[in-house]
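Owing to the predicted nature of the structure, the values given are computational and were not obtained by experimental measurement.
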Amino acid sequence: KLRTELGVYTGKYEEFQSVLTKSNDMFAGFKKDMERMSKQIKRLEKETLLWKGRWETSNTALLKLSDEKQKRDTEHLKALQKIITLKKLCRAMQEERALLHERLLQVDTDGELVVSSGQPNGETSETESAAQTPTEPSIPLVHETDGNTESQQSIN
């Protein structure tokens, strides 16, 4: 009876040993998997930090470029407005020049006005002052040289 009990206990002990061996093998496998996963997690964390740094760098550069683009756009608009204003001024000055040239030709044909080209400070000769009426405003006389307009003298 004791021998049968011993046989039963021996069988149970062997069964327990085999279960314990399987458990140890599974535990060792899980431990290896955990070590492999922890290495992979560390590698992925490093990669994540690297990509995060790159993203922050590119985001900063993008913001800087966006600000520069906005500044250039506003400068461009200002430049376009200046160009438009200068074109209007140029047209007005050309119209004024044509009008003054026409007046000058009209006065020259009447023989009343003599234009002197040698007065660098913009003063008018006495004959010009006498020919001008007091109600006319002082208008500068311009002449074109190579597409640039220069003030030559003014009629007072």
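Between the OG1 atom in Thr10 and the CD atom in Gln17 there is a gap of 11.5 Å [rounded to 0.5 Å]. Summarising the geometry, atom CE belonging to Met37 is positioned 12.0 Å from atom CZ belonging to Phe30; distances are rounded to the nearest 0.5 Å. Atoms OG1 and CG, on Thr60 and Leu65 in that order, are 11.0 Å from each other to the nearest 0.5 Å. One distance of note links NZ of Lys82 with CG of Leu89; it measures 14.0 Å at 0.5 Å rounding. How far NE2 of His101 is from CD of Gln94: 13.5 Å, rounded to the nearest 0.5 Å. Rounding to the nearest 0.5 Å gives a distance of 9.5 Å between OG1 of Thr109 and CG of Leu104.
Applying the salt bridge (charged side-chain N to carboxylate O under 4.0 Å, His left out) test to pairs two or more places apart or on separate chains, those with a residue in residues 10-34 are Asp33-Arg36.
A heavy-atom distance below 4.5 Å is not found between the side chains of Glu95 and Leu99.
Salt bridge Asp67/Lys71: absent, no basic N to carboxylate O contact under 4.0 Å.
Between the side chain of Thr85 and the backbone N or O of Gln81 there is at least one donor-acceptor pair closer than 3.5 Å.
If you run side chain to side chain donor-acceptor pair (under 3.5 Å) between Asp73 and each of Lys69, Gln70, His76, only Lys69 comes through.
Residues meeting the side-chain contact (heavy atoms from CB on, under 4.5 Å) test with Arg43, sequence neighbours left out: Gln40, Glu47.
Within a 6.0 Å radius of CD in Glu102, other residues, nucleotides and ligands contribute 12 heavy atoms or fewer.
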